[in-house]
Amino acid sequence: MPALGLGTWQVTGDGCRKAVSDALEIGYRHIDTAQAYENEAEVGEALAESDVAREDIFLVTKVWPSNLDPESLPRSVERSLEKLGVDYVDLLYIHWPAGGFEMNATMEALLAQQDEGRARRLGVSNFTPDLLEAAMERAPLFALQVEYHPFLSQHELIGMCRSHDLLFTSYSPLARGDVPADETLQAIGEAHGKTAAQVALRWQVQQDRVAAVPKASSAEHRRANFEIFDFELSEEEMSAIFDLARGERIIAPDALAPPAWG
Ligand SMILES: NC(=O)c1ccc[n+]([C@@H]2O[C@H](COP(=O)([O-])OP(=O)(O)OC[C@H]3O[C@@H](n4cnc5c(N)ncnc54)[C@H](OP(=O)(O)O)[C@@H]3O)[C@@H](O)[C@H]2O)c1
């Protein structure tokens, strides 16, 4: 899985098709969508129009909570594949442990998607350490996707991913726009000729097993976010960024967030 992907939440319609086409041209090979983003069809159009071969693209989608019961899950994945215009996704996540989610039944239905070839790999999103532990006992998981940026530590979950050989994907890696204004990140960026956003993304992908999927509806941001592989943060800079953690969880919708988040 490429360490940097394009997030597509709230990028819809023709703007989505253009964003994904442009990203593929820039060099992105990891595209993050979801049933709930209502843009799988436009992501699919961009893939179909692109010269990049299907097998060179790491395509990710996520099953929405209302589709997590064993009857709905396979049908919803079929619909996703139809919209995306592909035979398989590279990674299929459970989006939230909510709605029709039931640990045994949902994990079994998810595993069947891999057995039937619709999903090359399986993952879970927005799982707490306890839920992740339970899910790992029921299916071979490839990745966990949760909110992660300099203002929210995910020390425990990243540690679990490392010890169980899972990849960890950061969502909202720019804290939905809070990162660019941070003075510490800006100062570190100045030393490298980079912006605060580039520093935050570099800090993430420089960590073992961590990937990030920043959303960028502007072409300028998409290009900038991809330019993080030509510099390196020192140990001191990495730890100064770890010190920015302040428990800032931005995404915690009432009906979806696990009770353990408070
Ligand atoms: N699994 C889940 O439950 C879940 C939840 C949330 C998000 N996600 C995934 O994670 C992706 C990213 O998260 P997100 O969309 O919440 O937020 P984000 O990536 O942290 O932030 C996006 C915001 O940052 C701006 N931005 C992007 N690049 C920038 C740059 N180089 N400099 C300054 N500003 C920049 C964007 O502006 P422009 O758009 O104007 O370019 C947008 O306003 C989503 O799109 C989605 O794929 C998953």
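Note that ligands are numbered from 1 as they come in the structure, with each ligand's atoms numbered from 1 the same way. Predicted model only: the values in this text are computed from it and were never measured.
Counting heavy atoms only, Y171 comes closest to atom 4 (C) of ligand 1 of the residues W9, Y93, Y171, Y148.
Contacts between A34 and ligand 1, counted as non-hydrogen atom pairs separated by less than 4.0 Å, are absent for every part of the residue. For K215, heavy-atom contacts with ligand 1 shorter than 4.0 Å involve the backbone as well as the side chain. The parts of S172 lying near ligand 1 are both backbone and side chain, judged by heavy-atom distances below 4.0 Å. Contacts between T195 and ligand 1, counted as non-hydrogen atom pairs separated by less than 4.0 Å, are absent for every part of the residue. For S218, heavy-atom contacts with ligand 1 shorter than 4.0 Å involve the backbone as well as the side chain. For N126, every heavy-atom contact with ligand 1 shorter than 4.0 Å involves the side chain, none the backbone.
Shown in contact with P180 at under 4.0 Å from a heavy atom are these atoms of ligand 1, numbered in order with element: 33 (C), 34 (N). Below 4.0 Å from some heavy atom of A175 lie the following atoms of ligand 1, by number and element: 20 (O). The distance from ligand 1 to the heavy atoms of P214 drops below 4.0 Å at these ligand atoms: 19 (O). Every atom of ligand 1 with a heavy atom of W96 under 4.0 Å away is listed here by number and element: 3 (O). In summary, the atoms of ligand 1 found under 4.0 Å from a heavy atom of V213, numbered by their order in the structure, are 10 (O), 11 (C), 12 (C). For ligand 1, the atoms lying closer than 4.0 Å to a non-hydrogen atom of A197 are 30 (C), 31 (N), 32 (N). Residue-ligand proximity, H95 to ligand 1, at heavy-atom distances under 4.0 Å covers atoms 1 (N), 2 (C), 3 (O). Under a 4.0 Å criterion applied to the non-hydrogen atoms of P173, ligand 1 contributes the atoms 12 (C), 19 (O), 20 (O).
Taking the six-membered ring where tryptophan is involved, the planes of W64 and H95 are perpendicular, since the angle between them exceeds 60° and thus also 30°.
Under the 3.5 Å distance criterion, with hydrogens and angles disregarded, a donor-acceptor pair is assigned to the side chains of D32 and Q145. A donor and an acceptor atom, one from each side chain of T33 and E40, are nowhere located under 3.5 Å apart. Under the 3.5 Å distance criterion, with hydrogens and angles disregarded, a donor-acceptor pair is assigned to the side chains of N39 and T8. Defined by atom type and a distance below 3.5 Å, a donor-acceptor pair is missing between the side-chain atoms of T61 and Q35.
In terms of protein heavy-atom proximity, atom 37 (O) of ligand 1 is nearest to H221 ND1, 3.4 Å. Scanning the protein for heavy atoms near atom 39 (O) of ligand 1, the closest one is S217 OG, 2.6 Å. Protein heavy atom in closest approach to atom 47 (O) of ligand 1: D32 OD2, 2.7 Å. Given atom 31 (N) of ligand 1, the protein heavy atom at minimum distance is N225 OD1, 2.8 Å. For atom 21 (O) of ligand 1, the nearest protein heavy atom (residue, atom name, distance) is R176 CA, 3.5 Å. In terms of protein heavy-atom proximity, atom 20 (O) of ligand 1 is nearest to L174 N, 2.8 Å.
No close placement of the Y171 and H149 rings is indicated, their centers lying 6.0 Å or farther apart. Here the two rings, on Y148 and W203, have centers that are under 6.0 Å apart.
At distances below 3.5 Å, not a single donor-acceptor pair connects side-chain atoms of S72 with backbone N or O atoms of L68.
Residue contacts with ligand 1: K62 is placed with no nitrogen or oxygen under 3.5 Å of a nitrogen or oxygen of the ligand (distance criterion only).
Counted within 6.0 Å of CD on E38, heavy atoms from surrounding residues, nucleotides or ligands total 12 or fewer; the atom is thus considered open. Within a 6.0 Å sphere centred on CD of Q10, other residues, nucleotides and ligands contribute more than 12 heavy atoms. For E235, the CD atom is loosely surrounded, since the number of other residues' heavy atoms within 6.0 Å does not exceed 12. Around CZ of R162, the count of heavy atoms belonging to other residues, nucleotides or ligands within 6.0 Å exceeds 12.
A salt bridge does not link R54 to D87: none of the charged side-chain nitrogens sits closer than 4.0 Å to a carboxylate oxygen.
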- Message: With side chain to side chain contact (heavy atoms under 4.5 Å, CB included) as the criterion, how do T195 and Q186 come out once you've worked through the C-alpha distance, each side chain's angles and the decisive distance to 0.1 Å?
- Response: CA-CA 6 Å; T195 66; Q186 287 172 353; over 6 Å; no
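Contact analysis puts Y37 in contact with ligand 1, with a non-hydrogen atom separation below 4.0 angstrom.
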